[in-house]
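In what follows, a structure is listed as structure tokens, so that the remarks can point back to it.
Computed from a predicted model, the values in this text were never measured in an experiment.
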Protein chains: 2
Amino acid sequence: MTPVDHPRTNTRAEILKLAEGLFQTKGYNGFSYSDISSVLGIKNAAIHYHFPSKAELGVALIRRYRDLLKATSGTFMKTGENPRAQLEGYLLFCAKREQTTDYICPIAITANDYMTLPKTMQDEGIKLSRETLAWLTRILQEGREQGVFTFDGYPADKAILIQGALQGAGELCRLKNPGAMDATTRQIKSDLSV
Amino acid sequence: MTPVDHPRTNTRAEILKLAEGLFQTKGYNGFSYSDISSVLGIKNAAIHYHFPSKAELGVALIRRYRDLLKATSGTFMKTGENPRAQLEGYLLFCAKREQTTDYICPIAITANDYMTLPKTMQDEGIKLSRETLAWLTRILQEGREQGVFTFDGYPADKAILIQGALQGAGELCRLKNPGAMDATTRQIKSDLSV
DNA sequence: GTCTATAACGTGATAGAC
DNA sequence: GTCTATCACGTTATAGAC
């Protein structure tokens with residue numbers, strides 16, 4: 001990786017990258033501009049040039065994750081693919097994220113901090129959760145119609161259960177249940193007779 | 001309820017009650033001593049007499065919830081009772097909490113804030129999650145042995161899935177999925193053939 | 001266009017008044 | 001024993017230097 005370069009060139013991207021890690025490990029109220037500027041070797045307030053307010057940085061972070069999910073679903077979570085492969089792709093995506101970075105799902109982060117967030121971030125978090133649930137619901141419905149998943153009840157309910165469980169699993173991992181994510185993905189698949 | 005009384009008598013209890021709501025809605029980093037003192041009509045620093053540091057207040061808050069769960073399991077979640085009644089008791093406990101207060105599960109709160117918490121609070125959160133998972137695992141195992149629950153795999157995995165899903169459901173409710181908690185409890189029961 | 005010096009405020013915590 | 005005045009620090013944000 002390139003260290004600090006003079007004159008600085010891609011400061012904005014470096015800020016976003018650092019902030020992403022801070023946001024997903026410590027939450028919106030758990031990090032400050034200083035945490036970023038000190039690492040980058042610039043002054044605290046230089047960040048305000050690229051992101052005039054912390055709220056704008058926060059919105060960019062959630063949108064970044066939305067884009068990542070969208071890009072990811074363009075590959076192994078591709079529409080029209082086998083629903084089973086798509087679901088497994090998402091489960092693997094979540095598990096890998098958790099295992100390699102100890103990051104928590106941005107949906108969970110946003111929800112937990114919700115009451116203290118600026119409205120622009122709240123709305124971005126709502127969009128993220130709706131998109132994810134809509135995608136999951138569709139996969140589950142199609143999968144059941146095609147006979148690759150087995151479950152009772154509404155696909156929308158099952159989607160909420162699965163998405164919530166994935167969020168919760170990341171949280172339980174934090175609390176020294178290191179196998180929580182594996183346990184959850186295993187049980188999700190078992191409960192779908194996959 | 002009694003308003004502010006002079007001379008103040010049960011300040012400590014009032015602090016705890018207020019802090020509980022603040023903690024479970026805004027997280028550990030989302031509230032300050034001022035949020036409490038202003039409501040109680042005392043000075044910010046008066047709280048430091050009852051709770052010398054915010055960390056001690058935080059530990060008291062998690063312990064308080066642990067005690068609540070313990071007391072609750074002494075009634076409708078009683079050991080030796082029908083596992084089905086016990087599980088339904090816990091599901092109802094979670095649903096009611098969410099619906100009446102919009103509080104998020106302290107396990108989720110603690111996990112999300114984990115990286116920024118003092119060690120004493122981290123350890124308290126770990127105990128809380130372990131107790132809860134141990135209880136759930138036992139209920140599920142006994143219930144399956146007695147033939148009231150139907151599921152494949154390890155009871156410990158199923159416990160993690162259910163607990164995580166309940167945490168996640170509270171979070172999804174925050175993000176304007178108002179039916180998430182009902183959907184989750186419905187699907188949990190359906191997936192246990194209850 | 002990019003960043004630094006500085007401000008204005010809120011935080012958790014201490015020392016000491018009653 | 002209970003609480004108030006005050007502190008030292010970290011926060012986000014602005015004004016203006018280069």
| message | Rounded to whole Å, please give me the gap between NE2 in B/His50 and P in D/dG1. | response | 13 Å
| task | Would you indicate, yes or no, if D/dC3 has its OP1 or OP2 atom less than 4.0 angstrom from a side-chain nitrogen or oxygen of B/Thr11? | result | yes
| query | In B/S/- notation, 5' to 3', how is nucleotides 12-18 of chain C contacted by protein heavy atoms closer than 4.0 Å? | reply | BBB----
| field | Rounded distance (Å) that lies between atom P of C/dG10 and atom CG of B/Asn29 | value | 18 Å
| Qualifying residues under side-chain hydrogen bond (donor to acceptor under 3.5 Å, both in side chains), relative to B/Thr132, sequence neighbours excluded | none
| request: Could you tell me whether B/Asp152 and B/Lys158 have a side-chain N and a carboxylate O separated by less than 4.0 Å? | output: no
| request: Quickly work out the B/Leu57 CG to C/dT11 C1' distance and round it to whole Å. | output: 15 Å
| task | Write down the distance between CZ (B/Arg12) and P (D/dC3), rounded to a whole number of angstrom. | result | 13 Å
| said: If you count heavy atoms of other groups shown closer than 6.0 angstrom to OH of B/Tyr103, is the number above 12? | reply: yes
| Geometric cation-pi criterion, B/Lys189 with B/Phe149: 6.0 Å, 45° | no
| task | Find the distance A/Lys43:NZ to D/dT12:P and express it as a whole number of Å. | result | 16 Å
| note | B/Lys26 atom NZ is separated from C/dG10 atom C1', nearest whole Å, by 13 Å
| message | Any carboxylate oxygen within less than 4.0 angstrom of a Lys/Arg side-chain nitrogen, looking at A/Arg63 and A/Asp67? | response | no
| request: Using a strict 4.0 Å threshold on nitrogen-to-oxygen distance, state whether B/Glu131 and B/Lys127 make a salt bridge. | output: no
| Any side-chain N or O of A/Tyr49 less than 4.0 Å from the OP1 or OP2 oxygen of C/dT2? | yes
